[in-house]
Amino acid sequence: MGVSKRKLESKTKNTENSTMLSNVTYKKSNTLITAKGKSTLLGQKLFAIGILMAKELDDGSLEAIIPGTYLRKALGRNNGSFYDQIVALVEPQKNKASLLDWRIIYKDKEEQKIEASNVITDVTFHDGRLTLRYNSKIKKYITGLKNNYTVLNLSESLTFTSIYTYRLYEVLKAEMDYQRAISHSEGPYEVTYELTDLKLMLGIIDPQENADIAKALKKESPDYEKIEKKAEESGINKMSNYTDFRRYALERAKKELNKKSSIHVDYKPVRMGRGGKVVSICFKLSRVGHEKAKEVEDAPKKDIFEQIDEMQQLFSEKITASDAKAILEAAGMDMKKVRYAYGISRKSGRIDNIVGWMISAIKNGYTENVSGASDADFEQNTYDFEELEKRFVEN
DNA sequence: CTGGTACTCACGTGGTAGAG
DNA sequence: CTCTACCACGTGAGTACCAG
């Protein structure tokens, strides 16, 4: 009896968490999304949370400090080996992947070269706070994104239980948004990925484990057949059996995406040659509930309840949650604007109606010129046309 | 292609102790 | 009392492989 009650409690707690985080989105450059490399599910989730929290330091580097309580809430864990897991990711151990080991190979479109970098250069975990320092090389793919990025829903992606669901979600969402941008159609869309390419993107084949593969990937148009062969030779071609790949990666990801995400996925293998060997996978994608998905895309980055809390603490006047929400909305969910306007209100003599004053102050532009990531929230997800053309030529 | 087995290791769960 | 931190144990994810 006691046990089932406890279970019930934890269940309600979980749903509470998911609604609290229901409107949180993060942006990731498409370059990073299609980058090849292996990482753990927890690592990916931490990275995404880190993007939300990332701040630029004086020396230009990018750092995210994530409080333990936030991590717990975001990851829906309240106790247990939670710290162990974080610590395990932070402290490199023999044969174990840490966040620091997360290395990716990606194409830098502006500079026309292919790079291999560690994503995170520094991780510490002290006093319950996780600090991530991002590689300065990939900084431009995380903050101040102007084009060629994808808005991803953190609350969706945090619920995924498979790393393949997570990776595929990002890849397919990016592709879907891209196709929507160029075709102005509401779908369904189709994409075909070369099987080996897909495995690389999902981290099933890790280029870090084999120098030849890493080298082959750095070519302008990688020879996937060769990569597959190399992977086979060196024994790092996991799930070389297509049926296993389908069962444990594709099928699982498909089920989870269809159940939990705003993407509806279906796929079919493309076979070639005498043996009918599967050479690529053709995905069919459609959006679930356009209006809803749109809402999510325009949604705030930070947990709204947290922001309301923060505001209620900030204001010396008593304000209700709905007042706070109204102000937040006027500020486009930007806490910085709220703080700045509030700061002005302190110097503006008597104000009878602080809520109304705040809203009109914000609307009249009494706001700090907020730079960087938060500004970019209101920009359109545009693509540059040179890039588009190039992709057309490729295909 | 499906079912089933086997194995490893990461993760989930819950208890607990100490610091603030 | 809350939060950090550590421990033990069971479970689930990830992978390979074989039989029907």
Side-chain angles (χ1 to χ4, degrees), chain A residues 1-15 17-18 37-47 49 65-99 101-102 123-131 157-169 195 198-206 209 231-257 259-260 267-271 275-278 281 306 309:
Chain A
M1 200 54 197
V3 175
S4 64
K5 198 186 169 195
R6 192 165 294 164
K7 264 196 177 151
L8 206 71
E9 270 169 15
S10 82
K11 246 190 184 158
T12 45
K13 237 177 196 168
N14 274 338
T15 52
N17 283 337
S18 54
K38 186 185 181 173
S39 72
T40 67
L41 184 59
L42 184 59
Q44 284 285 340
K45 290 180 179 178
L46 287 178
F47 179 76
I49 295 170
I65 299 173
I66 314 169
T69 42
Y70 188 86
L71 283 179
R72 285 165 175 279
K73 199 160 45 161
L75 301 172
R77 293 176 212 173
N78 298 303
N79 50 16
S81 59
F82 175 69
Y83 290 93
D84 296 342
Q85 291 171 27
I86 307 275
V87 169
L89 268 177
V90 170
E91 286 167 7
Q93 289 157 348
K94 27 153 189 65
N95 298 331
K96 283 197 178 167
S98 85
L99 271 177
D101 295 327
W102 181 18
V123 203
T124 52
F125 188 59
H126 279 311
D127 303 323
R129 275 194 325 240
L130 181 73
T131 308
S157 55
L158 285 181
T159 65
F160 299 151
T161 56
S162 161
I163 180 69
Y164 304 131
T165 311
Y166 193 102
R167 297 293 297 131
L168 209 54
Y169 168 72
L195 190 65
L198 192 60
K199 280 183 170 180
L200 285 160
M201 284 193 286
L202 295 181
I204 293 174
I205 298 173
D206 184 1
E209 288 182 41
E232 197 67 58
E233 280 166 14
S234 55
I236 61 163
N237 188 12
K238 286 184 277 179
M239 295 198 228
S240 54
N241 183 342
Y242 171 72
T243 51
D244 277 353
F245 175 61
R246 185 188 63 79
R247 266 201 296 188
Y248 300 120
L250 289 178
E251 200 58 31
R252 208 163 126 62
K254 173 185 152 184
K255 270 190 195 141
E256 205 172 10
L257 283 174
K259 195 172 162 192
K260 297 176 178 170
Y267 66 89
K268 57 176 192 293
V270 180
R271 292 167 191 281
K277 193 172 179 271
V278 176
I281 306 290
E306 247 179 39
D309 260 6

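Note on naming: letters A, B, ... go to the chains in the order of the sequence lines (proteins, then strands), and numbering restarts at 1 for each one.
- Results of the side chain to side chain contact (heavy atoms under 4.5 Å, CB included) test with Leu202(A) over Ile205(A), Leu198(A), Leu200(A) single out Leu198(A) as the only residue that passes.
- Leu41(A) contributes atom CG, which lies 8.0 Å from atom OG1 of Thr165(A) (distance to the nearest 0.5 angstrom).
- Atom-to-atom distance recorded for Arg246(A):CZ and Lys254(A):NZ is 9.0 Å, nearest 0.5 angstrom.
- A side-chain donor from one of Thr161(A) and Glu256(A) sits under 3.5 Å from a side-chain acceptor of the other.
- Taking five base pairs at each end of the helix from dC1(B)-dG20(C) to dG20(B)-dC1(C) and finding the rotation axis that steps the C1' atoms of four pairs onto the next four gives two axes whose angle is 30°, to the nearest 10°.
- The distance from atom NZ of Lys277(A) to atom P of dC1(B) is 14 Å, rounded to the nearest whole Å.
- The structure places CG of Leu42(A) at 9.5 Å from CD1 of Ile163(A), a figure rounded to the nearest 0.5 Å.
- Across all non-hydrogen atoms, the minimal contact from Arg129(A) to Ile65(A) is CD-CG2, 3.6 Å.
- Listed here is the closest heavy atom pair of Asn237(A) and Glu232(A): ND2-OE1, 3.0 Å.
- Within the model, atoms NZ of Lys199(A) and CZ of Phe245(A) stand 6.5 Å from one another, a figure rounded to the nearest 0.5 Å.
- For Arg246(A), whose side chain is taken as the heavy atoms from C-beta onward, the closest listed nucleotide among dC11(B), dC1(B), dT2(B) is dT2(B).
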Going 5' to 3' through nucleotides 14-20 of chain C, assign each nucleotide B (protein heavy atom under 4.0 Å from a base atom), S (under 4.0 Å only from sugar-phosphate atoms) or - (no protein heavy atom that close).
SBBB---
